[in-house]
Amino acid sequence: MSEKITGAEAMLRAIEAEGVDTIFGYPGGAIIPVFDRLYDHGSKLKHILVRHEQGATHAAQGYARVSGKTGVVIVTSGPGATNAITGISDAMMDSTPMVVIMGQVSSESLGSDAFQETDVIGITQPVTKWSHQIRSVEEIAWAVSRAFYIASTGRPGPVVLDFAKNAQNELVEWDNDYKKCKFIRSYIPYPEVKEEDVDVVAEIINAAERPLIISGHGVMIAEAEKELVAFAEKADIPVSTTLLGLSTIPTTHPLNKGMLGMHGNVAPNMATNRCDVMIAIGMRFDDRVTGDVNEFAKQAKIVHIDIDESEFNKNVKADATIHGDAKTVLEMLLPKINETKHSEWLASFEYDEELERTKVINKEVYPKEGDLKMGEVVNKVSEMAGDSAVLVTDVGQNQMMSSRYFQYGAPKGIVTSGGLGTMGFGLPAAIGAKIGAPERPVCFFVGDGGIQMTIEELGVILQYGVAVKIIILNNNFLGMVRQWQDIFYKKRYSQTPMVNPDFVTIAKAYAIPAEDVTERSQLDAAIDRMMKYEGAYVLNVKVETEGYVFPMVPAGSTMLNTILAPGEKYQPEN
């Protein structure tokens, strides 16, 4: 039986039909009809009132990353819309499914510079998979179904619906026969994997003597972690990961050789210069991984597996490609690859791993004296948090240190801003992650700079009781920029020293228990109190000012000067 309802009501019924139960948003004049109708949908739609629209998008990203669902954001027009752009761009760079519904002035006022009007479509088209302006009530069901289909399928990403106010208020016949979109002409989210491509790649892998896997975010998105491990184990291939691929293989797995890239581990970076076959799965060869692309893995045959064929040969030329979803491709490859052993090749990693342990890890994670180090704080939190914990990071030294030294035991174990590198991402993303996976501990590491970019989102924790464990690695500097100034700009610390507020007092103002940790002797007990506490908790940890993120090894280089003593030369074993 059909009934006449407003466009605002139709919007909410449509997103309910898409399986949405959580929305992150902020009301305003151009979207108020939707929020008025939301008043009657509280039993089905939980709305999380953020304190800034950017926070809504990052929270939706954190929610989407750990839950596997599409994050949903509702904000108003003008500044509400533009405040959301950073999170939308971040989601596009990191392939995160998100639907952002933005209020807009009425259709008849478009182009008149009406109050809080802005060209949302023009602004968002470059940083979305699709953006569409809803000008009439009849479009709503079609646009919503299309938006969720595009956002969540293939290589995921953000979609924007610019919702004109007249369409929110107009009436439409609604018969509760909402149809989800399952097909769009010319859009093929899951291409049919070509058997001949799989055969070519299997032949290359079977002939390899020194193969290396790079596991990227696409493995996590495809939920192909089990297939990745089975593939690596059968062919006895060492696995390196990108930043966003870190939890695709457990940290303790013997084939896991660590993170690749500028701030990654020594062994996998050096292996890129020695492997004869590189198998890149669900990653895009960004500059933080490759260094100089002209020097990157020149000796190796490159195999690239990705669901987005536009990534093929974009940065690094591939010798063979497979266009398809990582899970499907690995399932097809597994029976075609030989069960073998690469004992000599795996043994060659031991020198680099020992070098890093001696020069970096032992000093960073197990120091005996001096100020607290970021690495030791991360390591102790990770040990107490357990294998199911989710790491959420902000951006900067805190990001690289926590990513390197956290222990990943379960899939979807890291949420961080990779491609865009957005400071301020972490706090709202951690809130979203905890809401998306309430049964998992969520440990959020942030610097004293990043926490102040979105510190207002502590209000969400106050209002909804979100049990995020917040660890501020406080060195009174914008640490990563200071590090580069120290190494490359003659220690000219221009605008990186910070005078910070009392973070403990601020946290307590939001009814969040908090404490300062200034000495090594205080650390274990403070972490224990934090992890045992049922709700949110803040540790403001004073860490060394002069700390560095090592090893800063460009993958396309054999230079390790940043982790060796002056005059010491790196001598890899043959």
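- Taken from CZ in Arg65 to CD1 in Ile414, the straight-line distance is 8.5 Å, to the nearest 0.5 Å.
- Lys469 has its side chain out of reach of Val442: every pair of non-hydrogen atoms, C-beta onward, lies at least 4.5 Å apart.
- Between Met102 and Ala84, the shortest heavy-atom contact is CE-CB, 4.0 Å.
- Between the side chain of Asn474 and the backbone N or O of Val541 there is no donor-acceptor pair closer than 3.5 Å.
- Side-chain atoms of Glu457 do not come within 3.5 Å of backbone N or O of Ala59 as any donor-acceptor pair.
- Under the 4.5 Å side-chain criterion, counting only non-hydrogen atoms from C-beta, Glu227 is not in contact with Val329.
- Side chain of Lys542 to backbone of Leu473: no donor-acceptor contact under 3.5 angstrom is found.
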Salt bridge (charged side-chain N to carboxylate O under 4.0 Å, His left out) between Arg155 and Asp306, worked out
CA-CA 9 Å; Arg155 181 178 182 173; Asp306 207 282; 5.1 Å; no

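- Between atom CG of residue Leu539 and atom CZ of residue Phe445 there is a gap of 9.0 Å, rounded to the nearest 0.5 Å.
- Smallest separation of non-hydrogen atoms from Pro189 and Ile307: O-CD1, 3.4 Å.
- Side-chain contact check for Phe163 versus Met11: some heavy-atom pair is nearer than 4.5 Å.
- Looking at Lys165 and Glu108, their side chains never come closer than 4.5 Å, going by heavy atoms from C-beta outward.
- When ring centroids are compared, Tyr187 and Tyr149 come within the 6.0 Å threshold.
- Environment of NZ in Lys314: crowded, with over 12 heavy atoms of neighbouring residues, nucleotides or ligands closer than 6.0 Å.
- The side chain to side chain contact (heavy atoms under 4.5 Å, CB included) with Val219 is formed by just one residue from the set Ile281, Ile305, Thr242; it is Ile281.
- Using modelled atom types, one side-chain atom of Asn83 and one backbone atom of Pro79 make a donor-acceptor pair closer than 3.5 Å.
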Show, in sequence, the C-alpha distance, side-chain angles and deciding distance for Ser247 and Met220, and conclude whether the side-chain contact (heavy atoms from CB on, under 4.5 Å) test is met.
CA-CA 8 Å; Ser247 64; Met220 185 188 298; 3.3 Å; yes

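- Neither side chain, Asp286 nor Asn315, offers a donor N or O lying under 3.5 Å from an acceptor on the other.
- Between the side chain of Arg51 and the main chain of Gly459, a donor-acceptor pair closer than 3.5 Å is present.
- The closest side-chain donor-acceptor pair between Thr6 and Asn169, if any, does not fall under 3.5 angstrom.
- Note: Phe285 CZ to Met283 CE = 4.5 Å, rounded to the nearest 0.5 Å.
- For the pair Glu515 and Tyr537, the minimum side-chain heavy-atom distance is below 4.5 Å.
- Taking all atoms of both residues into account, the shortest heavy-atom contact from Ala167 to Ser136 is CB-C, 3.8 Å.
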Worked check of side-chain hydrogen bond (donor to acceptor under 3.5 Å, both in side chains) between Gln61 and Asp94
CA-CA 9 Å; Gln61 287 177 272; Asp94 287 348; 5.4 Å; no

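- For the pair Thr153/Tyr190, a side-chain contact is recorded, criterion being any heavy-atom separation below 4.5 Å from C-beta on.
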Let's go through Ile85 and Thr57 carefully: what are the C-alpha distance in whole Å and the side-chain angles of both, what is the deciding distance for side-chain contact (heavy atoms from CB on, under 4.5 Å) to 0.1 Å, and is it a yes or a no?
CA-CA 8 Å; Ile85 300 302; Thr57 54; over 6 Å; no

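- A distance-only check finds a donor-acceptor pair linking the side chain of Thr124 to the backbone of Val120 [under 3.5 Å].
- Counting only distance, with no hydrogens or angles, the side chain of His217 and the backbone of Gly282 share no donor-acceptor pair below 3.5 Å.
- Using modelled atom types, one finds a donor on one side chain and an acceptor on the other under 3.5 Å when comparing His132 with Glu139.
- Looking only at atom types and distance, the side chain of Thr393 has no donor-acceptor partner in the side chain of Ser402 under 3.5 Å away.
- Counting heavy atoms of neighbouring residues, nucleotides and ligands inside a 6.0 Å radius, atom CD of Gln116 exceeds 12 of them.
- Atom-to-atom distance recorded for Leu161:CG and Ile140:CD1 is 10.0 Å, nearest 0.5 angstrom.
- When ring centroids are compared, Phe24 and His47 stay outside the 6.0 Å threshold.
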side-chain hydrogen bond (donor to acceptor under 3.5 Å, both in side chains) between Asp448 and Asn476, worked out:
CA-CA 7 Å; Asp448 44 301; Asn476 292 293; 6.0 Å; no

Go through Ile123 and Thr82 one step at a time and tell me if the side-chain contact (heavy atoms from CB on, under 4.5 Å) criterion holds.
CA-CA 8 Å; Ile123 292 171; Thr82 57; 4.2 Å; yes

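- Ser310 and Asp308 form a side-chain donor-acceptor contact under 3.5 Å, judged by distance and modelled atom types alone.
- Counting only heavy atoms from C-beta outward, the side chains of Thr416 and Val392 never approach each other to under 4.5 Å.
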Does the pair Asp394 and Gln399 meet the rule for a side-chain contact (heavy atoms from CB on, under 4.5 Å), with working shown?
CA-CA 6 Å; Asp394 206 74; Gln399 177 186 36; over 6 Å; no

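- Atom CG of Leu420 has more than 12 neighbouring heavy atoms from other residues, nucleotides or ligands inside a 6.0 Å radius.
- Taking all atoms of both residues into account, the shortest heavy-atom contact from Ala114 to Val105 is CB-CG1, 4.1 Å.
- Between the side chains of Asn166 and Glu170, at least one donor N or O sits under 3.5 Å from an acceptor N or O.
- Not a single donor-acceptor pair under 3.5 Å links the side chain of Lys4 to the backbone N or O of Leu171.
- In this structure, CD in Gln133 is found 8.0 Å from CG in Asp119, a value given to the nearest 0.5 Å.
- There is a side-chain donor-acceptor pair under 3.5 Å between Gln104 and Asp162.
- The line from SG of Cys181 to CZ of Phe183 is 9.0 Å long, rounded to the nearest 0.5 Å.
- At least one donor-acceptor pair closer than 3.5 Å links the side chain of Tyr178 to the backbone N or O of Ser145.
- In the model, Glu9 has a side-chain atom that pairs as donor or acceptor with a side-chain atom of His41 under 3.5 Å.
- Without hydrogens or angle criteria, Tyr408 side chain to Ala389 main chain gives no donor-acceptor distance under 3.5 Å.
- Nearest approach of Thr76 to Gly28, heavy atoms of both residues: OG1-C, 3.4 Å.
- You'll find the side chain of Val289 stays beyond 4.5 Å of the side chain of Arg284, heavy atoms only.
- Using modelled atom types, one finds no donor on one side chain facing an acceptor on the other under 3.5 Å when comparing Gln407 with Asn379.
- Remark: Arg13 engages Glu3 in a salt bridge, criterion side-chain N to carboxylate O under 4.0 Å.
- Counted by atom type alone, Thr248 and Glu225 present zero donor-acceptor pairs between their side chains at under 3.5 Å.
- Heavy atoms from other residues, nucleotides or ligands lying under 6.0 Å from CZ of Phe406 number more than 12.
- When only modelled atom types and interatomic distance are considered, Ser388 and Arg440 share no side-chain donor-acceptor pair under 3.5 Å.
- Gly7 and Val137 make their closest contact through CA-CG2, 3.5 Å (heavy atoms, listed as atom of the first residue, atom of the second, distance).
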